[in-house]
Q: 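Have a look at this one.
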Amino acid sequence: MQAFDRLARPIQKWIRSKGWRELRDIQARATHHILTTNEHLIVAASTAGGKTEAAFLPLLSDVLDREGLAGSGFDLVYIGPLKALINDQCKRLQDICTETELKVTPWHGDVSASIKSKAEKQPSGILLITPESLEALFIRKGNSIPHLFGRTRAFIIDELHTFLDAERGVHLRSLMARLELSIGRGVRKVGLSATLGDISLAKAYLDPDRPEQVADIVAQGGDSELQMQLRAYINGGEEDNAALRAVSDHLFDRLRGSNNLIFAGSRGRVEEVADRLRTKSEEERLPNEFYPHHASLSKEHREFVEERLKSESLPTTAVCTSTLELGIDIGDVTCVAQIGAPFTVAGLRQRLGRSGRRAGQPAILRQYAIESRIDQNSHFADRLRLDLIRSVAMINLLLIGWCEAPNRRALHLSTFVHQILSVIAERGGASAKRIFATLCEKGPFRSIEPPLFVSVLRHLGSPGVDLVEQSEDGMLLLGKRGEKIAEHYSFYAVFKTPEEYRIVHDGKTLGTLPIVQVLAPKMALIFSGRRWEVLSVEEADNTILVKPAPAGRPPKFGGEPGLIDDRVIQEMKRVYLDDAIPEYLDETAAGLLCEARRNFKMLGLETQRIIAIGETKALLAIWQGSVKSNTLALALSAKGFTVAAYDGLLDVEGKNADCSLETALSKIQAAETPRIFSSNTNLMFDKFHPYLSTELLQQDAMSGKLDINALPALADLI
DNA sequence: GACCTGCTGCGGCTTG
């Protein structure tokens, strides 16, 4: 039987109206699978690969043709990570459903209360919702969950890779498990994704008990030809920004006249590059077509840039951060430029997926490395050209199809605290036994054993914390502070957001700035692609008033460094030891690669792993990623050393150390439980960390951000 | 030496 014939009549009619001659391969396979089995499924294909239709054409047919489950509720529940994505998908699904009676309901913070209350009274059809809005339903309408989802046949999880074992993914997994408990049965799950490094981890996300039972449909071939070039630029003096200007000028020449994305690495650099490109357009008396796009810019400005990209009426290049990495529809772009090495190969792959989506068009990557001028006294990180080498390593890994896997060891105690409060709020009270069964036995917190559960719960109820309290019959209730926290709408998200200033010109908000730097009147600012002078700082309502100005500097946005995978650093070492010059390097980059390899040998890194630099300094080459580097760095700083980590290389200074470096390393190697924390180690990273004890915070850090078991091997460097 | 994501109920107002 042909896949098309399995689909419901109205769906077939819609396909004909589109003029499609046949279903795509993944759509046909998904149709057979969904309509002949009850298994969970992962559909993996590139951004424009027709994943949404692959899942929904058969799922909608199932709803239309087959008798439904008893009870009330939405038939299909789509979960998306972005409001904009939900809006996009909502339009597409409404179009597919035109010939049916099925309702399509978007549900997120921007959707009006009237639409929500209407859907709540008579839930049916397709619901498109964010994890946070689903959380809000548990908190506010805990008793209505069976009414809303009693006959739900499937969860469709879009951009599955953004969830997995990140804190927001653990949150969503917990919500799905709780929903299933609440309606008394399991629900089929269909995950959609473009970038899955290890598909078995995605399967374990959908069904941790029986991952091998989860089917997958991966688009065959489909990847278009990849063209790429890595160009390197060298800065002059210390403060000189000549290289970034040269990169901008090169981009100006190559990208004008078409639609492109420039990933600049940080919001500050986005503003800097966008400013340079705009002023160059002015200098050459050409209309500007380069616009900044990042999360701190106003929604209006961002939508303007997105619309310009989508409409394809005027050539447009967005200089952006990872805001434009995810799947909102901005059409096809000619080329993707990346300034500086990215932190993950997965992100690089996702970005590249934005280009070359039309048949016959190649995907084009323009990678730029910015290096400094060096001499014999330069720091080893500069002499080794770490940024350039990491770019090469990441492109190599991209080419062999590797990308990072999520971390499955992490306890996620912050999200755990959140879910404990949520389970209690859902029913107005819950026994400890029930919470444990819900979250740790059925839910995603399976590595939390009863003793750890008890110590978390004890701490939440301890004096001064007051999140939870126990009634006389043993039920756990929200304490005074717990009630206040769970009542406020800021509770629904599990991730933390910093306090911000609003930047205002002429009554209009240009965007926001995290409060990490002191801004004062008369300071010059580059923001939203233009130049400003600060008029006043209103501390009362965190507002900064600005007026246009002829000069400016990009502001500091703050942020923490990202985690780099072990495999990336190991590939960097391989690149140093290799002789080959990749074809995609320009002349400068090839020269710098040879120079970096010479310096690698000159420093002695070919044969040694500890290199003394002067009397008290040393370079430790551990060739592992951020988690392991940070662990050894912490263990050494607990012994009085000052340590900085550079891509698998530790810069160690021992002036105030308790002992020699060799002694410290052998002690770390021999110790059963090496001391790595001191009183000033910062362990508060996540939203609910302030409600955990130091001991619990240490356990949380050791489960995700540190790898204490690796210490003996890491310290074995002699 | 980084980036991103999300959010309810209700009081008070105007308007038909």
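Within every chain, numbering begins at 1; the chains are lettered A, B, ... in the order of the sequence lines, protein sequences first and strands thereafter.
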Q: Could you tell me whether Gly347(A) contacts a base, only the sugar-phosphate backbone, or nothing, with contacts defined as non-hydrogen atoms closer than 4.0 Å?
A: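 Nothing, no nucleic acid heavy atom in range.
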
Q: For residues Ser133(A) and Ile129(A), report the shortest heavy-atom separation together with the two atoms involved.
A: CB-CG1, 3.6 Å

Q: For the side chain of Arg390(A), starting at C-beta, report the closest nucleotide among dA2(B), dC4(B), dG1(B).
A: dG1(B)

Q: With a 6.0 Å cut-off on the ring centroids, do Phe380(A) and Tyr646(A) count as close?
A: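 Yes, ring centres under 6.0 Å apart.
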
Q: To the nearest angstrom, how far is Leu85(A) atom CG from dC4(B) atom C1'?
A: 14 Å

Q: Could you tell me if the ring centre of Tyr291(A) sits under 6.0 Å from that of Phe304(A)?
A: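 Aromatic pair counts; centres sit under 6.0 Å.
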
Q: Rounded to whole Å, how long is the line connecting atom CD of Glu404(A) with atom C1' of dC3(B)?
A: 14 Å

Q: Reckon Ala113(A) touches a base, only the sugar-phosphate, or nothing at all at heavy-atom distances under 4.0 Å?
A: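 Since no nucleic acid heavy atom lies under 4.0 Å of Ala113(A), the category is nothing.
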
Q: Rounded to whole Å, please give me the gap between CG in Leu348(A) and P in dC3(B).
A: 17 Å

Q: Under 4.0 Å, heavy atoms only, any strand: does Gly265(A) hit a base, just the sugar-phosphate, or nothing?
A: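 Sugar-phosphate contact only - Gly265(A) comes under 4.0 Å of backbone atoms but never of a base.
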
Q: Checking side-chain polar atoms at under 3.5 Å, does Arg351(A) have a donor or acceptor matched by the opposite partner on Gln338(A)?
A: yes

Q: Can you measure His161(A) atom NE2 to dC4(B) atom C1' for me and round it to whole angstrom units?
A: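 After rounding, the gap between these two atoms is 11 Å.
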
Q: Would you say the ring centroid of His171(A) lies under 6.0 angstrom from that of Phe495(A)?
A: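 Distance test on ring centres: not under 6.0 Å, no.
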
Q: dC3(B) C1' sits how many Å from Gln350(A) CD, rounded?
A: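 It works out to 14 Å between those atoms.
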
Q: Any cation-pi pair here, Lys705(A) with Phe685(A), using under 6.0 Å and within 45°?
A: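 Yes, a cation-pi geometry.
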
Q: Using atom CZ of Phe343(A) as one end and atom C1' of dA2(B) as the other, report the distance to the nearest whole Å.
A: 5 Å

Q: In B/S/- notation, 5' to 3', how is nucleotides 5-16 of chain B contacted by protein heavy atoms closer than 4.0 Å?
A: BBBBS-------

Q: Round to a whole Å and report the spacing from CZ of Arg385(A) to C1' of dG1(B).
A: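 To the nearest whole Å, that distance equals 18 Å.
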
Q: Under 3.5 Å, is there a donor-acceptor pair linking the side chains of Ser414(A) and Asp686(A)?
A: no

Q: Regarding Asp647(A), tell me which of base, sugar-phosphate or nothing describes its non-hydrogen contacts under 4.0 Å with the strands shown.
A: base

Q: Does Phe557(A) reach a base, just sugar-phosphate, or nothing at all? Heavy atoms under 4.0 Å.
A: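 Nothing, no heavy atom under 4.0 Å.
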
Q: In whole angstrom, what separates Phe263(A)'s CZ from dC4(B)'s P?
A: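 That distance rounds to 11 Å.
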
